[in-house]
Amino acid sequence: INDNAPKFETQVYNLEFDEGLAPNTELIKLTAFDPDFGPNGEIRYEFAIQNDEIKDTFEINPITGSLVLKKKLDYDRKKYWQLSIRASDQSQNSKSSIALVNLRVNDINNNKPEIS
């Protein structure tokens with residue numbers, strides 16, 4: 001019986017990174033647990049809410065929960081991201097839970113000073 005929903009280690013993850021991180025950098029590995037057996041306990045990860053901007057910038061491995069950067073973060077374009085990640089079991093009557101990943105981008109002062 002699928003009587004348990006997956007549970008994340010924590011419901012909110014607060015991360016902070018400098019802009020300019022290289023693509024393919026792993027930002028975090030999310031982990032959820034489900035004590036059920038078989039498909040009822042097999043967990044898959046996905047974005048609960050996804051738009052083109054998120055899809056172009058981040059990727060989540062559906063099996064490992066690894067959140068990876070697809071392109072460089074740019075402080076001048078966006079300083080703060082909020083990602084909703086869903087962990088679902090693979091039962092016919094699937095149960096799921098959601099965690100929030102709050103990501104703050106730090107400016108690394110990559111602009112030369114101007115003299116007037």
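On a predicted model such as this, the values are computed, not experimentally measured, just so you know.
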Close side-chain approach of [X] to [Y], heavy-atom, < 4.5 Å:
X: Tyr80; Y: Val105; result: no
X: Leu15; Y: Asn102; result: no
X: Asn4; Y: Asn40; result: no
X: Arg86; Y: Arg44; result: no
X: Glu46; Y: Pro62; result: no
X: Arg104; Y: Phe17; result: no
X: Leu100; Y: Tyr13; result: no
X: Val101; Y: Leu67; result: yes

Gap between atom [atom2] of [Y] and atom [atom1] of [X] - 0.5 Å precision:
X: Lys7; Y: Ile43; atom1: NZ; atom2: CD1; value: 11.5 Å
X: Asn14; Y: Gln82; atom1: CG; atom2: CD; value: 9.5 Å
X: Glu42; Y: Asp34; atom1: CD; atom2: CG; value: 10.0 Å
X: Leu69; Y: Leu21; atom1: CG; atom2: CG; value: 6.0 Å
X: Lys71; Y: Thr25; atom1: NZ; atom2: OG1; value: 15.0 Å
X: Leu73; Y: Asp18; atom1: CG; atom2: CG; value: 9.5 Å

Is the closest side-chain donor-acceptor distance between [X] and [Y] under 3.5 Å?
X: Ser66; Y: Asn61; answer: no
X: Asn2; Y: Asp89; answer: yes
X: Asn106; Y: Tyr75; answer: no

Are the side chain of [X] and the backbone of [Y] linked by a donor-acceptor contact shorter than 3.5 Å?
X: Gln11; Y: Ile98; answer: yes
X: Gln90; Y: Ser88; answer: yes
X: Ser97; Y: Pro6; answer: yes
X: Ser94; Y: Ser91; answer: no

Exercise. Got a salt bridge between Lys70 and Glu59, using NZ or NE/NH1/NH2 to carboxylate O under 4.0 Å?
Worked result: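 Salt bridge: no.
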For this session: Answer yes or no: does atom CG of Asp56 have more than 12 heavy-atom neighbours from other residues, nucleotides or ligands under 6.0 Å?
Result: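 Yes.
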Exercise. Within a radius of less than 6.0 Å around CG of Asn93, do more than 12 heavy atoms belonging to other residues, nucleotides or ligands occur?
Worked result: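 For Asn93, atom CG is not crowded (no more than 12 foreign heavy atoms under 6.0 Å).
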For this session: Return the minimal non-hydrogen interatomic distance between Leu30 and Phe8, and the atom names on each side.
Result: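 Closest approach of Leu30 to Phe8: CB-CE2, 4.1 Å.
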Problem set entry | Minimal non-hydrogen separation, Lys29 against Thr64, with atom names |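 For Lys29 and Thr64, the tightest heavy-atom pair comes out as CE-O, 3.3 Å.
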Exercise. Do the ring planes of Phe58 and Trp81 sit parallel (below 30°), tilted (30 to 60°) or perpendicular (above 60°)?
Worked result: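 Phe58 and Trp81: perpendicular rings.
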Problem set entry | Same apolar cluster (I L V M F W Y, side chains within < 4.5 Å links), Ile54/Leu27 |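 Ile54 and Leu27: one cluster.
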